Colleague: 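Below: one structure in structure tokens.
Residue numbering restarts at 1 for every chain, and letters A, B, ... go by the order of the sequence lines. All values derive from a computational prediction rather than experimental measurement. Both backbone and side-chain heavy atoms feed into the values below; hydrogens, waters and symmetry mates do not.
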There are 2 protein chains.
Amino acid sequence: MRATIKDVARISGVSTATVSRVLNQLGGYGPEVATKVLAVAKAIGYRRNDSAVSLVKQATRTIGIVMPTVTTSFYAQIINGIEDSAYQAGYSVILTHAGSSNIRLLESLNFMVERRVEGIIGVSINLNQTDLTQIKALAVPLLLLSAQAPDDQLPYVKVDDYQAAYAATRFLIKQGHQRIALAGVDPSDLVAGQPRIAGYEAALTAAQLRPDRNLIFTGDYTFAAGQQAMQAIIARPEVAPTAVFAVSDETALGVISICYQAGIEIPRELSVLGYDNSAIAAMATPALSTVAQPFYQMGQIAAQKMITSLQTKTVITSELVPFKLIQRGTVAVPRSN
Amino acid sequence: MRATIKDVARISGVSTATVSRVLNQLGGYGPEVATKVLAVAKAIGYRRNDSAVSLVKQATRTIGIVMPTVTTSFYAQIINGIEDSAYQAGYSVILTHAGSSNIRLLESLNFMVERRVEGIIGVSINLNQTDLTQIKALAVPLLLLSAQAPDDQLPYVKVDDYQAAYAATRFLIKQGHQRIALAGVDPSDLVAGQPRIAGYEAALTAAQLRPDRNLIFTGDYTFAAGQQAMQAIIARPEVAPTAVFAVSDETALGVISICYQAGIEIPRELSVLGYDNSAIAAMATPALSTVAQPFYQMGQIAAQKMITSLQTKTVITSELVPFKLIQRGTVAVPRSN
DNA sequence: TTGAAAGCGATACCAT
DNA sequence: ATGGTATCGCTTTCAA
């Protein structure tokens with residue numbers, strides 16, 4: 001059994017109250033007592049029991065992270081950001097997966113409530129109205145990261161997908177592209193799907209280019225989705241885009257992998273633009289031009305917002321974080337231009 | 001304030017003891033009482049307070065993960081594996097970073113001891129004797145994942161780096177390669193460095209090929225290390241390997257990126273073999289041939305071992321997990337052959 | 001400056 | 001089948 005405050009008290013010849021005061025530097029004790037207590041605590045390897053502290057203080061200084069099981073490469077960056085901020089504020093981070101398509105979501109959230117986390121950051125989780133109702137009943141602050149709830153019923157930290165898609169498409173147009181495909185997008189996805197489609201089409205329209213639904217290749221943001229999109233593009237020469245805007249870096253790599261097999265040279269014959277700027281983007285060959293989401297910072301911001309809100313008892317405000325266009329090696333002017 | 005067991009007891013008109021029995025399905029109560037209690041608990045949104053449970057049970061059902069801050073792409077897979085296994089066993093997972101080069105290591109471990117985690121899984125952390133001594137003093141089970149302590153003072157789960165490097169090199173030799181470079185390796189790294197060098201050299205020797213120190217390009221397993229290695233190779237035409245065995249997938253991609261810039265075609269002019277089979281390997285162009293480490297399973301195994309040991313109070317045994325050679329598109333027979 | 005003691009929310013033993 | 005209550009380790013009033 002581990003040493004407790006009582007052991008320290010007994011050995012030091014003082015009361016537990018005094019030991020507690022010394023250990024927490026609350027003042028109101030003589031210097032020699034302090035020295036003694038500290039020495040004893042160290043000698044017997046005393047460590048505070050946070051369960052007991054949490055119980056009496058009614059605060060666990062813990063925040064929870066819930067995320068889908070699927071492990072796209074950028075989650076590590078987000079977690080890093082959250083954990084670093086939390087750590088600095090003296091908070092612990094507990095982690096659970098919501099399973100694929102949220103099957104474990106409510107179970108996970110419940111788990112965390114029992115663990116008495118003070119707040120939860122939900123990464124990339126899509127919520128429907130039922131979820132939302134149940135979450136309200138949990139009575140724990142939930143902040144969304146890279147996600148958004150219907151009618152903004154929950155605060156979020158994310159980039160503006162519409163603006164990012166608009167800027168990305170506009171960038172491609174400025175390079176001289178006129179036939180630009182959009183690949184891997186899920187049109188039923190209210191958060192990252194529809195806004196990106198809308199931004200893409202708006203940029204096209206603003207440049208007097210007529211959006212063409214045949215240039216939109218739907219998918220689920222994966223590598224495989226990119227491969228399928230590119231295969232479809234090759235299969236239909238009448239479509240012949242000069243650039244493809246992929247909705248994720250992984251999708252972009254899927255596109256590129258098919259081009260490689262088909263002998264299509266990038267960026268000479270086809271430009272490819274990714275989305276995320278995950279670690280793989282910089283390591284791809286050729287290095288992937290992409291829309292950067294500042295994942296690490298997003299994690300930091302989310303944790304900070306949560307903790308500040310907890311400490312000041314204020315409501316968490318949503319925040320749109322800036323994206324950035326990173327030009328590397330996969331976008332060039334179109335050949336025909 | 002959240003509802004407690006007392007509230008449930010009061011409203012149901014029974015004692016807290018009975019409520020506890022019902023909630024934990026311990027038997028020893030009438031069916032109508034059970035129904036009543038459950039209904040009340042649900043109605044007032046009662047959730048168990050795990051801090052209180054942990055305190056009285058002297059068990060937190062929590063395991064901690066400590067890992068370096070640097071976020072190579074496979075950490076997500078490891079965490080997924082750990083979390084899934086832990087979740088199934090009813091355990092929570094708390095996560096902290098040890099900072100770069102372990103600066104935050106002991107602080108993190110201490111944090112976890114105060115949180116009363118029942119065991120800690122240390123991912124990719126290199127320990128020296130001082131660390132080890134302090135860890136012993138913490139008196140908490142520590143299992144290493146993808147790491148190994150001096151003199152095997154701590155149990156571990158990892159692949160056999162020597163054997164993997166041996167097999168990989170042998171594979172390259174069988175393909176007809178005779179001049180094989182080793183890139184990105186840290187020769188001062190006892191865990192992943194020296195064994196791989198040794199395995200590589202042993203395979204060479206076994207095939208009557210004389211190991212050549214000029215073919216070993218040291219580094220720190222990163223993308224940049226791969227780039228530097230390849231630049232060095234190009235700068236010294238007298239070395240001219242026909243294959244390079246990179247110590248990580250990222251390093252392999254670094255090698256490939258320089259080849260691309262230099263117009264060296266892979267695998268026609270140079271074969272490249274990676275190590276890890278992280279998510280990026282399959283998505284690279286051309287797809288990377290590599291030595292696979294089963295990260296997700298390693299996470300699962302580690303968590304299972306830890307939890308089993310906790311529950312059966314037995315000592316954790318080390319385990320060498322199998323690696324696998326994954327042949328994709330970056331290794332071919334040498335041109336000159 | 002210091003200590004006694006009440007509680008935090010649950011469990012589990014001992015009665016009844 | 002049910003209730004009373006000591007207990008887990010700590011913080012925090014209230015007194016002294």
Colleague: NZ of Lys36(A): more than 12 outside heavy atoms within 6.0 angstrom?
Modeller: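 It does not: Lys36(A) NZ has 12 such atoms or fewer within range.
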Colleague: Under 4.0 Å between a side-chain N/O of Thr4(A) and OP1 or OP2 of dG9(D), yes or no?
Modeller: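 False: Thr4(A) side-chain N/O out of range (4.0 Å or more) of dG9(D) OP1/OP2.
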Colleague: Measuring from the side chain of Thr16(B) (C-beta onward, heavy atoms only), which nucleotide among dG9(C), dG3(C), dT11(C) has the closest atom?
Modeller: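 So the side chain of Thr16(B) is nearest to dT11(C).
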Colleague: Scan Asn24(B) against the nucleic acid and name what it touches under 4.0 Å (heavy atoms): base, sugar-phosphate only, or nothing.
Modeller: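 Answer is sugar-phosphate: Asn24(B) comes under 4.0 Å of backbone atoms only.
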Colleague: Touch check for Gly28(B), heavy atoms < 4.0 angstrom, all strands: base, sugar-phosphate only, or nothing?
Modeller: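 If one applies the 4.0 Å heavy-atom cut-off, Gly28(B) turns out to touch a base.
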Colleague: Please compare Ser51(A) and Arg21(B) by the position of their nearest nucleotide in DNA chain D and report the one closer to 5'.
Modeller: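 Closer to the 5' end of DNA chain D: Arg21(B).
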Colleague: Please indicate whether Lys6(A) has more than 12 foreign heavy atoms, meaning atoms of other residues, nucleotides or ligands, lying under 6.0 Å from its NZ.
Modeller: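 It does not: Lys6(A) NZ has 12 such atoms or fewer within range.
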Colleague: Which is more 5' along DNA chain D, the nucleotide nearest Lys57(B) or the one nearest Val33(B)? Just name the residue.
Modeller: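 The residue closer to the strand's 5' end, by nearest nucleotide, is Val33(B).
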Colleague: Would you mind telling me which of dA10(C), dG3(D), dC8(D) lies closest to the side-chain atoms of Lys6(A)?
Modeller: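 Nucleotide nearest to Lys6(A)'s side chain: dC8(D).
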Colleague: Classify Val56(B) by what it touches in the nucleic acid, base, sugar-phosphate, or nothing, heavy-atom distance under 4.0 Å.
Modeller: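 Contact class for Val56(B): base.
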Colleague: Does Val14(A) reach a base, just sugar-phosphate, or nothing at all? Heavy atoms under 4.0 Å.
Modeller: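 Sugar-phosphate: the residue Val14(A), judged by heavy atoms under 4.0 Å, touches backbone atoms but no base.
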Colleague: Would you mind classifying the nucleic acid contact of Arg2(A) as base, sugar-phosphate or nothing, using non-hydrogen atoms under 4.0 angstrom?
Modeller: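 It contacts nothing in the nucleic acid.
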Colleague: dC10(D), dG3(C), dT2(D): which one has an atom nearest the side-chain heavy atoms of Ile5(A)?
Modeller: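 From the listed options, dC10(D) comes nearest.
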Colleague: Base, sugar-phosphate, or nothing for Ser20(A), non-hydrogen atoms under 4.0 angstrom?
Modeller: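 Result for Ser20(A) = base.
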Colleague: Heavy atoms only, 4.0 Å cut-off, all strands: where does Ser54(B) land among base, sugar-phosphate and nothing?
Modeller: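 No contact at all - Ser54(B) keeps every heavy atom at 4.0 Å or more from the nucleic acid.
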Colleague: I need the single residue from Ile82(B), Val117(B), Leu310(B), Thr60(B) that forms a side chain to side chain contact (heavy atoms under 4.5 Å, CB included) with Tyr91(B). Which is it?
Modeller: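 Among Ile82(B), Val117(B), Leu310(B), Thr60(B), the one that satisfies the side chain to side chain contact (heavy atoms under 4.5 Å, CB included) with Tyr91(B) is Leu310(B).
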Colleague: Is there a donor-acceptor pair closer than 3.5 Å between any side-chain N or O of Gln77(A) and the backbone N or O of Tyr296(A)?
Modeller: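 Not at all, since once roles are kept as given, no pair shorter than 3.5 Å links the two residues.
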